[in-house]
Protein chains: 2
Amino acid sequence: MKILIVEDEAKTGDYLKQGLSEAGFTADLVRNGLDGMHEGLSGEFDLLILDVNLPGLDGWQVLKALRAAGRDLPVLFLTARDQVEDRVKGLELGADDYLVKPFAFSELLARVRTLLRRGRAKEPERLALADLELDVLKRRATRAGQRIDLTAKEFALLELFLRRQGEVLARSFIASQVWDMNFDSDTNVIEVAIRRLRAKVDDDFTPKLIHTLRGMGYVMEIR
Amino acid sequence: MKILIVEDEAKTGDYLKQGLSEAGFTADLVRNGLDGMHEGLSGEFDLLILDVNLPGLDGWQVLKALRAAGRDLPVLFLTARDQVEDRVKGLELGADDYLVKPFAFSELLARVRTLLRRGRAKEPERLALADLELDVLKRRATRAGQRIDLTAKEFALLELFLRRQGEVLARSFIASQVWDMNFDSDTNVIEVAIRRLRAKVDDDFTPKLIHTLRGMGYVMEIR
DNA sequence: ATGCAGCCATGAAAATCCTCATCGTCGAAG
DNA sequence: CTTCGACGATGAGGATTTTCATGGCTGCAT
């Protein structure tokens, strides 16, 4: 799989190239938008990692040019800060995912793999149950149309629940997914996290969606 | 490489066995101390992961029996809480490393790999510079004989500095090691972390050990 | 029916970590 | 030597996450 990286900052670019190579991809790096556009038009890449901030031709312009030329490869945007406008603009122009700098490399790798597997996303990825909705890309949740702000852990937990709705999730499973922890009952982080999530997602609404199954774990479903 | 896991709690045991198998090791699991001792005596394993809390024969007894029989394989202890006595007792009995539950699987994997690479530790692993000492196993730091409490990040940072003493560590490198982050200059977490570490390790002592190299990064050394 | 034990919920405090604004300092350039 | 700009230091504030203590509920045993 060939990946093109368009990134002007030397350290970040090298880091990405090396990391992706070590992960078994073929990665090429160019350091400005113009080269990025040319290479991207060549059609030999399966994925494009595109920094928004580039000298000269910026990321948006590169993306626009590629889409205009009918290039359909998946594009992962790198944005400098968590500016909602940036994200939305990128997604509208046809980016398939984005990542806010600074980010963990493992996170990037996960997204790259997802994009390569599923190709270009035609639909924004949305998860929902009853009137609760989660826009995974924009990292935004709403219930009954009301915007809900979530922290990182809350988001991870809710995403897990929504992806597994109707399934009973054991604490050990939740711990391994959300905390990367081998669960050993000497902490109640999970209960507390569930509490926080409930406060935001269930407390002021009906019907309740998060249910406790004594001795087993939790389920998300309509009752 | 064959690894023997002695763990009574089903979930934890299965989790470990599966995780280690997926990482390319051959892992066998037994659920009580007696079986653990017998399998351990068989001599066909390269590493032993041993829970302290076991019904019947506990982890310490198993370890003692193995060492008494002259078995020299590396042993990684799992302790339930961060009880200093437990750690010390385990290490005295001849454990080579320990891990406090709950733990991240990646952490376990890292330790397993270290142990398999270096074999039995004859010496407790200590890092030092001037009158600053760090006992990596006990996760304890002292300077001029005075005990210093460190948080997780502080510990990781200090360990990095001590392992690389005399080397100039660029921010991007520190970020990748301690934060698993792709560094992008829009945050000063590193400066802040250095500040906190200096407050504990350098502020009240002479000579200073952490030095700033403008435009390059930081070094730990005696000046 | 009553009591008990285990499990879970909950609020509050504490710890840790990150962000932000401001200030100081170093070094190059004039 | 002085000035300026960039880089780093620092303190305070805030957000998030974890720990802890307590109390309630459920289902089983008596």
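Letters go in sequence order (proteins before strands), and every chain restarts at 1.
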Just to be sure I understand the rule, does A:Arg196 reach a base, reach only the sugar-phosphate, or reach nothing, if contact means heavy atoms closer than 4.0 Å?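 The residue A:Arg196 makes base contact.
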In whole Å, what is the span from the [atom1] atom of [X] to the [atom2] atom of [N]?
| X | N | atom1 | atom2 | answer |
| --- | --- | --- | --- | --- |
| B:Asn188 | C:dC20 | CG | P | 9 Å |
| B:Asp149 | C:dC17 | CG | P | 13 Å |
| A:Ile194 | C:dC7 | CD1 | P | 17 Å |
| A:Lys200 | D:dT16 | NZ | P | 6 Å |
| B:Met181 | C:dC17 | CE | P | 13 Å |
| B:Asp202 | D:dA9 | CG | C1' | 14 Å |
| B:Arg195 | C:dT19 | CZ | C1' | 17 Å |
| A:Glu154 | D:dT17 | CD | P | 7 Å |

For A:Leu93 against A:Lys64, the heavy-atom pair lying closest together: CD2-CE, 3.9 Å
Check this for me: does the side-chain of B:Arg214 come within 3.5 Å of the base of D:dC7 through a donor and an acceptor?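 Per atom types, the contact qualifies.
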Would you check if the side chain of [X] reaches a backbone N or O of [Y] as a donor-acceptor pair within less than 3.5 Å?
| X | Y | result |
| --- | --- | --- |
| A:His211 | A:Glu221 | yes |
| B:Glu39 | B:Gly36 | no |
| A:Asn188 | A:Glu191 | no |

Does a side-chain N or O from [X] land closer than 4.0 Å to OP1 or OP2 of [N], or not?
| X | N | result |
| --- | --- | --- |
| A:Thr187 | D:dT19 | yes |
| A:Trp179 | D:dT18 | yes |
| A:Thr212 | C:dA9 | yes |
| A:Arg171 | C:dC8 | yes |
| B:Thr151 | C:dC17 | yes |
| A:Tyr218 | C:dA9 | yes |

Pairwise 5' ranking along DNA chain C for A:Glu191 and B:Val189, keeping only the more 5' one: A:Glu191
Between A:Tyr218 and A:Arg171: side-chain donor-acceptor atoms closer than 3.5 Å: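 Present: a donor and an acceptor within the cut-off.
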